[in-house]
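Whatever order the structure lists them in is the order used to number ligands and atoms, beginning at 1. Basis for what follows: all heavy atoms, side chains included, without hydrogens, waters or symmetry-related copies.
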Amino acid sequence: MTKRLLIADTTLRDGAQTVGAHFSPDAKLKVAEQLVRLGVDCIEIGTPVAAPGELETAARAGELLKDAPVLLAAFARAREGDIDLAFEGVGRHPHSMLNLLTSVSDIHIESKFKSDRGRMLEVFAKMVRYGAGRGFHKLLVYLEDGTRTDFSYLAELVSAFVEAGADIVSIPDTVGYVNSPRKYAEIFARLLAEVPAARRVLLSAHTHNDKGLAVANALAAIEAGAGMVECTVNGLGERAGNASLGALLLCLHGSPGGAFSASDYGVETGVCLKEYARTAVLVGELSGLGVNYNEPLVGSAVVTTTAGIHQDGMLKDRRTYLCYDPESFGVEAGHRLITFNVQSGLKGITKVLADLGIGVEKAVAERIYEQVILLAQQKTPSTEDIRAIAMDVIEDGEHIIELSICKAESGVLPSSAEVVLRRRDTGETLRGIGYGDGPFSAFMDVTCALLGLDAQILDYHDVVVGQGRDSQMQAFVRCAIAGVTYQGRGVSTDIVQAGCRAFMKCVNRHLQQKIGPTHAPISGPPAAKLPLSPAR
Ligand code: MN
């Protein structure tokens, strides 16, 4: 007898809290669309109260996914204002869901709320009732830090929350406290056995990987009767991350017909396994973190083997050293290069993009094509190259200012950068030279001077695309301009140019916000119009 297990994805909320991960609003929507294709049951899209962008993204997702058979969840603290904003975000989706945070361990109650168990139970139950009356299709309550909470109090909370209208109760191992899957399972087993209210709702597992047990704990909870499991693509998440969806799927669907299978857990999922690999790669690209080399299923190292004996075995029969079929998860274990040249044409690129699960309008496909052709003059573009370029172009938007030339010098101090910026609508150019302790800082120095901007880099990192010495680099830049945070990505075979392009995206986003796409002059000092001369 199999039971339908719900898969809840929190890549765009808990996963987005990973240090260094940045999902732009458009990136979130792209990921959400792919998660729908993957067939997860619930997408936690974000925290509308956290920022205006989060609210807008949730609302856009609600519209974009309105016909998708998926629960669209927004995260909220147990406050009326948070809940109202969550509803404003996802409320119009036919399957809207409120993911309500209650923090229940003594540590949280005493340190965060300076309160006691009895009073907090009342406050939380009141907010659950408020949420339940707000019009969401489903309501999940997180019992944050539930694994460090007295079982008797946990049982009281579950009864009160179910009474107040919760449909799903999640027991997060928020800080990765549990050191044994058996102990995590026991919480679920006891709730189901001893708390009648718990049997009227779904119990959900939410695990963190601080002790390397996120997936094991989640599986143990499933065995103990959890009806939903919360996880992230590539195991993204704060600190050591959340349970990896890929690893979970491998455990649940790993070897059909073999000794181990989903029937070990007596569950089935609605996931279309073949969509997993492209989901994981997309999340790697759009989060800015890439995919760990050893991430189950999709890491660069996991379907290759270097040990001689293993290679010999793999060549004779792959099953000797591989216990599952990578292709059934959409992983191409074979040669990843594709033949792409100038003759392939726009149709060719549209086909490649479609195969990668990237649907774009014709105008965007044309811009991607132009960039791929440029790269094809230097190397044979791989699917990874094309994907990286596509992600770069898709996020590009309407640029007001483009970088025509950046000639930067490295290896001498100070480094210098000659920059020519061009205003797209008028063709007007700005030129200058800047200096810094490296080519990127020199570029930033002159660009900011030319445009009269005050920018500060908050985060910068590079990720290589594919392998080989002719690989492209992707740079991810997060910066503050006039107190507002922007993020940008840039792709190039030249590491400095990739960073400069990423920074230009931030600049353009700032200018779009400041002056709108086409009007008004770009502020810049008068010296900007002079021929090449040191900016300062
Ligand atoms: Mn979490």
Side-chain angles (χ1 to χ4, degrees), residues 6-23 28 31 35 40-50 54 58 71-78 82 86 97-105 107-109 111-112 124 139-149 154 157-158 161 166 168-179 181 183-185 187-188 202-222 226-248 283 287 289:
L6 297 188
I7 302 285
D9 181 275
T10 182
T11 306
L12 299 174
R13 201 277 300 170
D14 224 351
Q17 290 170 218
T18 314
V19 172
H22 319 300
F23 289 102
K28 275 198 167 190
V31 171
L35 287 169
V40 302
D41 300 288
C42 172
I43 297 172
E44 194 174 33
I45 192 76
T47 312
V49 76
E54 282 276 279
L71 289 162
L72 185 66
F75 184 83
R77 291 167 302 180
D82 279 34
M97 177 149 128
L98 172 65
N99 284 5
L100 186 70
L101 180 76
T102 66
S103 312
V104 299
S105 65
I107 303 167
H108 281 248
I109 287 176
S111 310
K112 271 172 34 179
F124 291 143
L139 196 163
L140 172 147
V141 185
Y142 281 118
L143 274 62
E144 187 186 29
D145 210 15
T147 52
R148 283 195 295 182
T149 304
L154 209 59
L157 290 164
V158 171
F161 294 167
I168 303 166
V169 173
S170 173
I171 311 290
D173 186 25
T174 304
V175 293
Y177 170 69
V178 173
N179 71 345
K183 289 184 189 165
Y184 190 56
I187 299 174
F188 288 80
L202 272 189
L203 295 185
S204 183
H206 178 117
T207 54
H208 278 268
N209 208 34
D210 298 70
K211 296 183 177 127
L213 289 177
V215 171
N217 287 341
L219 290 168
I222 293 167
M228 182 162 120
V229 61
E230 298 159 33
C231 47
T232 59
V233 176
N234 298 336
L236 288 185
E238 267 178 298
R239 306 182 315 276
N242 291 54
S244 155
L245 175 56
L248 273 169
V283 167
S287 64
L289 292 177

The expected count of protein N/O/S atoms at less than 2.8 Å from the Mn ion (ligand 1) is 3

Ignoring hydrogens and angles, tell me if any N or O in the side chain of Glu230 forms a donor-acceptor pair with the backbone of Ala8 under 3.5 Å. no

Heavy-atom closest pair, residues Glu54 and Thr47: OE1-N, 2.7 Å

Residues in side chain to side chain contact (heavy atoms under 4.5 Å, CB included) contact with Asp82, at least two apart in sequence or another chain: Val49, Ala76, Arg77, Arg79

ring-ring contact (aromatic ring centres under 6.0 Å, His included) against Tyr142, all qualifying residues, sequence neighbours excluded: Phe75, His206

Qualifying residues under salt bridge (charged side-chain N to carboxylate O under 4.0 Å, His left out), relative to Lys112, sequence neighbours excluded: Glu144

If every non-hydrogen atom of Asn242 is compared with every non-hydrogen atom of Ala214, which pair is closest and at what distance? C-CB, 4.0 Å

